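So the structure is just underneath, and the comments pick up after that.
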Amino acid sequence: MECVVQGIIETKHVEALEILLQGLCGVHRESLRIHELCLKSVPNLGLVSSEVRLLCDLEQPEPTWTVRHIGGAMRGAGAEQISVLVRTMAESKVSKNALRLFYALGYKLDHELLRVGFAFHVQRGAQITVTVSSINKMLKLHATDEAVPVTPGIQLVEVTAPASSENYTEVVAAVSSFCEYLAPLLHLSKPGVSTGVVPTAAAAAASLMSDGGGTAL
Amino acid sequence: MAAMEGVATAGAQDQQQQPPPARAAERLNPAVQQQLNLDSVKTRAISLFKAISRILEDFDTIARTNAVPKWQDILGQFSMVNLELYNIVEDIKNVSKAFVVHPKNVNAENATILPVMLSSKLLPEMEMDDNNKREQLLHGMQSLPVAAQIEKLKTRIDMIGAACESAEKIIADARKAYFGTRQGPTLLPTIDKVQAAKIQEQENSLRSAVNHGEGLRIPGDQRQVTSSLPMHLVDVLTANDNAQTFSDSSGMYQKSTPPLLSSTNNNSQGSLLQAAGAQLIGRPAASPSGATGSTSFDNTTASPLQYANSPRSGANIMNTPSPQQQQPQQQLQQHQHQQRQKMMQLPPHQQQLLSQQQLRPSSMPGLGQNQLPQLHDMASQTQQKFQSMHGQHHVQFSQPLAAQQLQGRQLTSAAMHMSQNQLNQGNQLNRQLNQFSSPANSALFNAAQTTPTSQMIPNMSAMMPSQSILPRMQFGMSGGNRTLTPQNLSDQMFNMGAANAGGMMPMQQQQQHGTQGAFGNMPQSAQNLQPGMLPMQNTPQNHPNFQQQRPQNQQ
């Protein structure tokens, strides 16, 4: 299971956000370049079509593959009250043969995208990962070198934390409190809910850039 | 030290209180008593002692249970205790001159430490510390008279105080400005409505792209892989290149079927060709031309060994199947070929049926030659084929049932028979298979025939049962059914796809001399099959079909 929230930020404020995150997390950023292939199974394979995502981390000299399955989100009155989406998620490292294996199983490539950005990891009540990335699409199949951003002026911010059914309330609280720190720059919400940009973003970014430019951790 | 002294004083006084309560009343100067009520001091000291011991107990519990201490609370308690102690010490200091402290209870425990506690001289290290600090402070001022030293120290203190004040002021101003911008709505720059709408629209597209893949799907006809795959995909998706070379070198008829492709594309609308490009990586749309395929088929006799379980399978069967069988087989070939081309994910059934019906007359048999691009392709194809088949012919519909019936058989004997009649039977069967089942399936079958290894036999046996009734889709389906009970037709298709995938491997490996990592069993059988395949090539009868199969298998 994981708790996840998403938000958007204008590309011009990304640097300020990076400074803020560096201050909050106390670690340096990790660059992110992930080729994500979304495979869907045809309905004949099982009762419902399932979706599996293969993530190839291109940042390392040796690309590493991860398979991830995102399940249904928690529902109910309780789920609606919390501002964080809690959903089942299974992830595992796999070898590069995973793609062929899934093709052999009958999965088809539904879509692919390329995430380019950076990520921060911090332990604040829960192991929180913040990724800020621009989502790029490939006009030609698998052409990761020729990817163009889906929305050039806006990047996606995702805050995720792994959780289990026992401790998800604490994880939710940790993620929520972490998101409050980012309030001057962006609003974060459940993946299906749109937020818009924050009016204070420009001012906050300006203050971060002017003050934080010299104070590198 | 002062605190210790204070506590010691209080403690000593507590002890003192008991014996001379009366004396205290007598002895203490009323003024002193006004200033410091000893009883109250005692009470306060005792309460302070209790508070400290409580804190210590809390720490003990925390340490024992390894719990995380609530630092906020603990700090609060500490501050209270500290304040209380400070107050007591202050009060006592005022009147300390009136009292003398002497220890009452000297036992072994106290004896060593009491002199140290009672002495007013600083401990040696403390004394050194004191001297050092004094030296630092009065550096350069030692020579001056004391008054001048005091003056200088005072100015120094004033300067420091002024600096601190200004720093605090600056921090307060900055804080006010920051919070002002954050919390003051009137001061905030409002976002332009138009801009907000634009951003909203972009946000929606971004979120839907990330979460659902909207806007990222490439239509099927554009899904042709460019010449250069990125590094991380190069070795993942390289199966096709070898297949191509092999098919070229073997010189089998591998004719691209642009008309068929275009017709399939026309029929299958955008939704159908999701993965076509991916699966056709690096290969031309090779498929046997209809004419050649049909002619070859007409010229050669169909395999008599279509039905492994039939009595025929044991003997050398040289009967040709009836032409009637050939006809529908051809149609099936075309059918399957078209299906394969499409590679749909979620094709609308009606569309498929329509397109298949349209394409059927335009004969493009020779399924075996069609691309065996990738394994997922097979699964989709078989599924498509099945769907279309299902809808269109009742006769065909009965096939899966028959296949199901035959599923459970153990066809080891059939396999042995097959091995005896490798060349002829295998070839004939291959033809049949090529026509009706996916190429992978036929490849599997061929491989099985030539060298009935233990690994292949189960596969073969799986494939055999379907042949008894009609040489149609059952071949492939039964192959898949071996492992799973076909709960429904779709399952069979899926199994066939899987079996086809498995069947492909040996052929590929034979030809390509490479190992495909996905299937563990296959490499071994592939090795075994290698010598076995060659004789089949030589047989003229086998030639068309077998060679049709080979390129398929590679791909």
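Proteins get letters first, then strands, A, B, ... in listed order; numbering begins at 1 in each. On a predicted model such as this, the values are computed, not experimentally measured, just so you know.
Environment of NZ in B:K70: sparse, with no more than 12 heavy atoms of neighbouring residues, nucleotides or ligands closer than 6.0 Å. Within 6.0 Å of atom NE2 in A:H13, more than 12 heavy atoms from other residues, nucleotides or ligands are found, so the atom counts as buried in its surroundings. Other residues, nucleotides and ligands contribute over 12 non-hydrogen atoms within 6.0 Å of the CD atom of A:Q60. Under a cut-off of 6.0 angstrom, the local environment of CD in A:E91 is crowded, with over 12 non-hydrogen atoms contributed by other residues, nucleotides or ligands.
A:K137 contributes atom NZ, which lies 12.0 Å from atom CD of B:E214 (distance to the nearest 0.5 angstrom). Separating the CD1 atom in B:I199 from the OG atom in A:S194 is a distance of 12.0 Å, to the nearest 0.5 Å. The distance from atom CG of B:L233 to atom CG of A:L99, rounded to the nearest 0.5 Å, is 6.5 Å. To the nearest 0.5 Å, the span separating CG on B:N211 from CG on A:L156 amounts to 7.5 Å. For the atom pair CZ of B:R217 and CD of A:E112, the computed distance is 12.0 Å after rounding to the nearest 0.5 Å.
In this structure, B:R207 contributes its side chain and A:V193 its backbone to a donor-acceptor pair below 3.5 Å.
Of all heavy-atom pairs between B:A209 and A:H111, the closest is O-NE2, 4.5 Å. Residues A:L113 and B:V210 approach most closely at CD2-CA, 4.4 Å, considering heavy atoms.
With a threshold of 4.5 angstrom between heavy atoms, A:V4 does not approach chain B through any atom at all. Contact of A:T195 with chain B is made through backbone and side chain together, with heavy-atom distances under 4.5 Å. With a 4.5 angstrom heavy-atom cutoff, A:I70 does not touch chain B via any of its atoms. Residue A:E62: no heavy atom, backbone or side chain, is found under 4.5 Å from chain B.
Each of A:P191, A:G192, A:P63 has some count of heavy-atom pairs under 4.5 Å with chain B, and the biggest count is that of A:P191. Highest contact tally toward chain B, considering only A:Q6, A:R53, A:Q155, is held by A:Q6 [criterion: heavy-atom pairs under 4.5 Å]. Interface check for chain A: of the options B:G215, B:G213, B:S208, the most heavy-atom pairs under 4.5 Å are formed by B:G213.
When each of A:V150, A:I154, A:I8 is paired with B:Q202, the side chain to side chain contact (heavy atoms under 4.5 Å, CB included) condition holds for A:I154 and for no other.
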